[in-house]
Amino acid sequence: MTFKEALQAEINLQGLSVAIIAKASGISKGAIYNILNGTTEEARIRPSTCKAIALACDRELRREDDGVEFVEFGASRGSMPLQRMPETSTVALSWMQNRLFL
């Protein structure tokens with residue numbers, strides 16, 4: 001599957017819009033539309049662009065010999081498991097009058 005096909009499938013699956021992906025990834029809507037329309041050739045799409053778009057879709061990319069696939073985090077071969085915070089950690093928040101938020 002090409003990146004274009006994988007991206008279109010993920011948009012359809014999650015019900016995402018190009019505007020949401022553009023905002024979350026930092027990639028312009030025009031660049032994303034060019035990928036989806038086939039204006040941008042597959043070989044010219046930068047790996048960093050693919051990764052940013054995948055992260056905006058809350059997915060990782062799995063590159064195979066036959067193409068690209070969007071997968072959930074930790075599902076790609078050779079990926080590192082996500083490190084979780086210990087459940088015993090806490091956050092303390094205190095308000096100080098007449099002080100700017102830092």
Side-chain angles (χ1 to χ4, degrees):
M1 183 179 285
T2 65
F3 181 75
K4 169 191 159 187
E5 293 167 343
L7 176 59
Q8 187 63 57
E10 200 62 35
I11 287 172
N12 295 340
L13 180 69
Q14 293 190 38
L16 298 171
S17 70
V18 171
I20 291 171
I21 295 171
K23 186 174 183 179
S25 68
I27 307 296
S28 71
K29 288 189 289 185
I32 296 170
Y33 277 121
N34 285 342
I35 291 169
L36 291 172
N37 295 334
T39 305
T40 302
E41 298 172 15
E42 189 77 18
R44 294 190 49 96
I45 304 171
R46 294 182 182 147
S48 60
T49 300
C50 295
K51 184 176 180 179
I53 291 173
L55 288 174
C57 295
D58 198 28
R59 298 286 187 256
E60 285 182 315
L61 282 179
R62 179 188 297 165
R63 295 193 180 269
E64 300 283 333
D65 292 336
D66 57 342
V68 176
E69 183 180 11
F70 281 76
V71 294
E72 293 185 26
F73 284 101
S76 63
R77 280 188 264 144
S79 68
M80 297 291 291
L82 294 176
Q83 294 182 352
R84 305 239 183 245
M85 293 290 291
E87 292 186 26
T88 58
S89 65
T90 59
V91 175
L93 179 67
S94 61
W95 295 98
M96 300 179 73
Q97 293 182 0
N98 300 323
R99 290 275 312 227
L100 296 174
F101 179 74
L102 299 176

So ring-ring contact (aromatic ring centres under 6.0 Å, His included) across residues 8-30, not counting sequence neighbours, yields none
Test item: Pro47 and Leu61 side chains (from C-beta on) under 4.5 Å apart, heavy atoms | no
Quick one: do Val71 and Arg59 satisfy side chain to side chain contact (heavy atoms under 4.5 Å, CB included)? Show the steps, please.
-> CA-CA 6 Å; Val71 294; Arg59 298 286 187 256; 5.9 Å; no
Only residue of Thr40, Thr49, Ile21 satisfying side-chain contact (heavy atoms from CB on, under 4.5 Å) with Ile32 is Ile21
Working to the nearest 0.5 angstrom, can you tell me the gap between [X] [atom1] and [Y] [atom2]?
| X | Y | atom1 | atom2 | result |
| --- | --- | --- | --- | --- |
| Leu7 | Ile35 | CG | CD1 | 7.0 Å |
| Gln8 | Leu36 | CD | CG | 5.5 Å |
| Ile27 | Ser48 | CD1 | OG | 6.5 Å |

Of all the heavy-atom pairs spanning [X] and [Y], show the shortest one and how long it is.
| X | Y | value |
| --- | --- | --- |
| Lys4 | Glu42 | N-OE1, 3.8 Å |
| Ala52 | Ser25 | O-CB, 3.4 Å |
| Ala19 | Lys29 | CA-CD, 3.9 Å |

Where do Val68 and Thr2 land on the side chain to side chain contact (heavy atoms under 4.5 Å, CB included) test, with the steps shown first?
-> CA-CA 6 Å; Val68 176; Thr2 65; over 6 Å; no
Sequence neighbours excluded, the answer for side-chain contact (heavy atoms from CB on, under 4.5 Å) partners of Asn37 is Tyr33, Thr39
Under 3.5 Å: donor-acceptor pair, side chain of Gln14, backbone of Ile11 | no
Quick check: does any side chain N or O of Glu60 sit under 3.5 Å from a backbone N or O of Phe70, one acting as donor and the other as acceptor?
-> no
